[in-house]
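Below: the structure, in structure tokens.
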Amino acid sequence: MPIRQMKESSEQHLVIKSHLQNTMNTVQRPPKTAQNGKGPPQAHEPHNNTKQPHNQATSPPSKNRGRRRGRGGKKSDQLDVCMRPSSRPCTVAHKPVNQASCGMEMGFPTSSKSLNFAPRPGYGQVGTKCIVKANHFFAQLPDKDLNQYDVTITPEVASRTVNRAIIAELVRLYKESDLGTRLPAYDGRKSLYTAGELPFAWKEFVVKLVDEEDGINGPKREREYKVVIKFVARANMHHLGQFLAGKRADAPQEALQILDIVLRELSSKRYCPIGRSFFSPDIRAPQRLGDGLESWCGFYQSIRPTQMGLSLNIDMASAAFIEPLPVIEFVAQLLGKDVLSRPLSDSDRVKIKKALRGVKVEVTHRGNVRRKYRVSGLTSQPTRELVFPVDDNSTMKSVVEYFQEMYSFTIQHTHLPCLQVGNQKKANYLPMEACKIVEGQRYTKRLNERQITALLKVTCQRPRDRENDILQTVQHNAYDQDPYAKEFGIKISEKLASVEARILPAPWLKYHETGKEKDCLPQVGQWNMMNKKMINGMTVSRWACINFSRSVQESVARGFCNELAQMCQVSGMEFNPEPVIPIYTARPEQVEKALKHVYHASMKTKGKELELLLAILPDNNGSLYGDLKRICETDLGLISQCCLTKHVFKISKQYLANVALKINVKMGGRNTVLLDAISCRIPLVSDIPTIIFGADVTHPENGEDSSPSIAAVVASQDWPEVTKYAGLVCAQAHRQELIQDLYKTWHDPVRGTVSGGMIRDLLISFRKATGQKPLRIIFYRDGVSEGQFYQVLLYELDAIRKACASLEPNYQPLVTFIVVQKRHHTRLFAHNHRDRSSTDKSGNILPGTVVDSKICHPSEFDFYLCSHAGIQGTSRPAHYHVLWDENNFTADGIQSLTNNLCYTYARCTRSVSVVPPAYYAHLAAFRARFYLEPEMQDNNSSTGAGSGQAKGGGTKAAGESGVRPLPALKENVKRVMFYC
């Protein structure tokens with residue numbers, strides 16, 4: 001992606017970046033919370049349900065709790081923030097701080113070697129106990145020594161498949177002799193593993209491999225390889241046993257890796273391995289997805305350390321594969337037209353080239369010889385015009401003549417281009433009709449909406465069906481008969497793990513006093529707005545509507561707008577029934593012109609800006625939605641609400657109610673709040689000013705090698721309600737997972753060293769909104785894989801510390817850092833599918849189901865929470881892993897808080913599957929990607945209130961990393977864009 005001249009900022013802030021001129025008043029820090037998770041006594045003691053159960057299991061203080069970053073003597077070089085006395089209803093009776101116990105400064109570890117994740121503080125007790133089944137299968141720990149050997153193959157081979165074939169031939173030849181009857185497991189690259197030692201520490205073998213692709217008749221090519229096997233290390237199984245027993249904190253990754261490879265060895269030979277999953281057209285008949293693609297079914301498999309010991313996690317999987325069609329047939333499906341009689345256009349050629357580049361094809365014109373090639377391009381000329389030199393004298397021959405003379409193959413469709421195979425220096429031509437796509441190639445590019453819908457139909461399984469398929473997979477894999485599992489002494493249970501679970505109670509929700517129902521207790525994760533009014537309904541006086549749908553008549557659009565206005569009023573908003581200008585009809589391709597016309601026409605009436613723009617879009621609107629949001633939010637400063645044509649015609653009350661909820665929060669209102677929040681009864685939230693963050697990074701689709709990653713951070717902006725959020729987004733380096741702009745400094749010619757970044761700005765915004773300085777931070781981080789835990793925690797917690805210290809010396813609020821994972825393969829099933837009381841309508845486990853034992857980590861603080869009711873398919877519980885906890889949460893404390901927050905999601909009257917701050921961060925990052933397309937509008941990046949928000953540092957950071965900054969957002973949309 002070309003680098004443009006940097007504008008004001010590399011990050012797009014969704015909250016006002018204030019330049020406050022006052023200085024920070026020193027405020028006495030409240031005493032640190034006790035180990036049982038209770039805060040200091042409140043001036044007005046809340047109800048008894050704030051106390052933790054007496055039988056709550058606890059643990060001694062962890063090594064990482066209560067640590068501080070030593071910054072006491074360093075004065076802030078930034079404009080400080082003034083902390084006002086609290087005027088909020090939740091107060092704390094401050095007791096003198098024990099300086100001996102609380103005044104100690106402790107440094108934060110600077111490497112993963114000195115870092116231990118938060119240990120489990122005990123097990124949760126709150127909720128109704130039940131039994132669920134999990135797709136984990138107990139794996140008996142082997143009692144044999146596991147040995148690792150290094151493998152060197154000469155000449156070097158890039159293909160894992162060929163490597164495996166070489167080692168398989170070596171084992172066939174030498175197992176009974178040189179290998180001492182050992183059956184090794186091989187990772188396809190550099191490592192070989194055995195149960196027990198081989199008779200040698202170093203040995204060289206010679207293996208000859210026949211090229212089976214040369215066909216049946218005639219001589220086949222034979223290649224010779226040298227294979228050197230050298231002893232490296234012995235895996236420490238005692239260490240693994242101690243780790244599984246919870247006696248050691250560090251996982252023996254090498255032992256776990258060996259066991260994982262051993263259990264994958266047989267499946268790697270039977271199926272098509274992709275990542276940690278295996279696919280085959282024989283598991284279930286492939287389903288066509290369209291455009292030359294089909295879905296293959298398969299299964300995911302991974303060995304995991306858990307509290308019950310080693311566990312084999314098995315789940316069903318589906319993926320898109322390229323259909324093994326003749327290339328001409330594939331091209332016809334791709335283009336959706338007959339290609340045999342019609343010439344191809346330039347756009348057709350581009351589409352074909354993009355789809356086939358990197359795809360493996362096999363020739364079909366040589367009888368039994370099925371040589372395989374990888375497509376590198378497409379000729380710009382038709383086959384009949386292609387010629388190439390056949391000797392050093394530059395004697396030219398046409399491709400048509402060559403194939404006729406060499407293979408007696410007559411090319412029929414000479415108007416089609418040829419495939420180019422090989423490298424650019426020596427590219428070979430292959431006629432399309434002489435090629436067939438090789439089976440088993442996964443499609444890694446972006447699917448279109450029709451293909452996604454078709455794939456979801458395949459993957460969407462009811463819980464009972466998914467459970468049965470998992471059990472059948474385990475039985476079919478027959479691990480008890482697996483020669484590799486036998487060799488290494490691994491035994492796998494064929495029964496799903498039965499796990500103790502609890503169903504957490506739903507929280508009471510508070511609505512406005514003027515409604516018939518002033519509060520509400522959700523049932524099975526759902527409720528509705530009947531007889532209720534929004535607790536903070538906003539006013540919409542000036543609004544307009546643009547109709548981009550040809551099928552929606554003006555009278556229909558007007559009727560829809562009237563119904564929506566009435567619903568907003570019924571729900572508790574003040575909504576003017578009349579738009580400021582008549583409904584404006586426009587074509588989708590004129591979106592920018594239409595938006596600017598409505599914006600300026602509305603300004604002419606009373607000279608005031610629009611508060612809300614309604615937009616009616618076609619059901620299939622391509623880039624219209626993204627273009628509209630980009631123009632509204634980065635150019636015009638319009639808050640918009642889009643509605644699809646199908647909903648305009650249907651006018652469902654439920655739909656209108658949901659749109660009213662979205663409009664209210666976009667206007668700055670609240671739909672509902674937790675009753676416990678306004679009653680100051682949430683442990684470790686209500687006692688002292690607490691800010692809750694959510695953070696996520698979204699990466700470009702596969703194949704987009706130059707697009708930046710988008711990082712988003714949101715934070716609560718009200719306390720004690722913790723319902724309203726503000727957010728920030730920024731572009732950063734391609735596929736960079738660490739959030740670069742959490743905290744940053746840069747040099748200003750006038751002010752010197754200046755501090756900024758996402759965390760700092762959100763802390764300032766919280767103070768402005770509440771009059772409070774946050775004394776506790778709860779940070780939910782989405783999208784981090786287990787292999788990145790240490791790296792993300794070290795970098796991002798350090799950034800949080802620095803951001804806090806830049807505001808005031810010694811300002812170090814207590815931090816709890818929690819990773820949220822949805823891309824895992826643990827599924828929970830009802831113990832008895834026939835028991836209707838233990839499932840929701842979709843047959844899934846009940847919302848609020850939490851598991852923190854047996855299938856969870858042996859010693860660390862994690863839990864699975866299914867906080868939502870299923871709609872279709874099998875619910876996926878969210879996995880929460882507390883990496884750092886200075887607030888000393890109990891298991892019940894963090895589990896109940898997380899579950900309760902899932903009922904505060906503003907866009908619907910359902911509990912959601914992921915804690916809302918993390919959900920909002922994901923939505924914000926996804927929305928910001930629209931700002932990159934189709935082209936950056938430089939004039940927008942330097943206009944409006946948002947242009948002054950960079951403070952100079954964003955531009956520098958963006959320039960150094962080669963990442964184009966996002967265009968600046970207008971001030972009035974910064975707090976609401978993630979509500980979509």
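Worth knowing before you read on, the calculation uses all heavy atoms, side chains too, and leaves out hydrogens, waters and symmetry mates.
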I'd like to know if the side chain of [X] reaches the main chain of [Y], judged simply by a donor and an acceptor atom lying under 3.5 Å from each other, with no hydrogens or angles considered.
X	Y	value
Asn547	Tyr584	no
Glu563	Phe560	no
Arg270	Phe278	no
Glu294	Ile322	no
His415	Leu340	yes
Asn621	Pro618	yes
His734	Pro708	no
Asn135	Arg827	yes
Thr645	Ser549	no
Lys666	Ser640	yes

Are any of the side-chain heavy atoms of [X] and [Y] separated by less than 4.5 Å?
X	Y	result
Gln381	Val387	no
Leu595	Leu636	yes
Asp627	Arg630	yes
Leu356	Phe330	yes
Leu344	Pro417	yes
Pro326	Thr364	no
Arg927	Phe978	no
Val697	Gln732	yes

[atom1] of [X] to [atom2] of [Y]: how many Å apart, nearest 0.5 Å?
X	Y	atom1	atom2	answer
Arg384	Thr414	CZ	OG1	5.0 Å
Leu335	Ile352	CG	CD1	4.5 Å
Leu419	Arg357	CG	CZ	12.5 Å

Whether the [X] and [Y] side chains hold a donor-acceptor pair (N or O, under 3.5 Å, no angle test) is what I'd like checked.
X	Y	answer
Glu633	Tyr931	yes
Thr459	Ser318	no
Gln461	Asp469	yes
His825	Asn313	no
Gln404	Thr410	yes

Can you establish whether the number of heavy atoms outside [X] located under 6.0 Å from its atom [atom1] is more than 12?
X	atom1	value
Asn620	CG	no
Lys354	NZ	no
Glu589	CD	yes
Lys337	NZ	yes
Arg550	CZ	no
Arg342	CZ	no
Glu449	CD	no
Gln590	CD	yes

- Message: Applying side chain to side chain contact (heavy atoms under 4.5 Å, CB included) to Gln333 and Leu325, what does each step give before you reach the verdict?
- Response: CA-CA 10 Å; Gln333 279 199 31; Leu325 298 168; 3.6 Å; yes
- Item | Trace of the side chain to side chain contact (heavy atoms under 4.5 Å, CB included) decision for Ile639 with Leu613 | CA-CA 6 Å; Ile639 294 173; Leu613 174 71; over 6 Å; no
Name all residues meeting the side-chain contact (heavy atoms from CB on, under 4.5 Å) criterion together with [X]; count only those two or more places apart in sequence or in a different chain, and write none if there are none.
X	value
Arg464	Asn468, His833, Arg834
Tyr407	His365, Arg366, Tyr402, Phe403, Phe409
Ala454	Leu289

- Query: Excluding sequence neighbours, so at least two apart, what forms side chain to side chain donor-acceptor pair (under 3.5 Å) with Thr161?
  - Reply: none
- Those residues at least two apart in sequence (or on a different chain) that pass salt bridge (charged side-chain N to carboxylate O under 4.0 Å, His left out) with Glu467 are Lys133
- Item | Partner residues of Arg462 under the salt bridge (charged side-chain N to carboxylate O under 4.0 Å, His left out) criterion, sequence neighbours left out |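 Partners of Arg462 by the salt bridge (charged side-chain N to carboxylate O under 4.0 Å, His left out) criterion come out as none, since no residue qualifies.
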Between [X] and [Y], is the gap from one ring center to the other below 6.0 Å?
X	Y	result
Tyr625	Phe930	yes
Phe279	Phe321	yes
Tyr905	Tyr920	yes

- Between Asp635 and Lys596, is the closest basic N to carboxylate O distance under 4.0 Å? yes
Considering all heavy atoms, the nearest [X]-[Y] contact:
X	Y	answer
Ile283	Cys297	CD1-O, 3.7 Å
Ser707	Arg929	CB-NH1, 4.3 Å
Arg276	Ser302	NH1-OG, 3.7 Å
Ala320	Arg442	O-CG, 3.4 Å
Met432	Val327	O-CB, 3.7 Å

- Does the pair Glu323 and Arg288 meet the rule for a salt bridge (charged side-chain N to carboxylate O under 4.0 Å, His left out), with working shown? CA-CA 8 Å; Glu323 210 171 336; Arg288 281 198 164 182; 2.7 Å; yes
- May I have the step-by-step check of salt bridge (charged side-chain N to carboxylate O under 4.0 Å, His left out) for Arg466 and Asp315, ending in yes or no? CA-CA 8 Å; Arg466 193 181 195 98; Asp315 191 24; 3.0 Å; yes
- Determine, stepwise, if the pair His868 / Val912 fulfils side chain to side chain contact (heavy atoms under 4.5 Å, CB included). CA-CA 5 Å; His868 67 297; Val912 289; 5.6 Å; no
- Please walk me through it: do Glu433 and Ile411 pass side chain to side chain contact (heavy atoms under 4.5 Å, CB included)? CA-CA 7 Å; Glu433 61 197 86; Ile411 300 174; 3.4 Å; yes
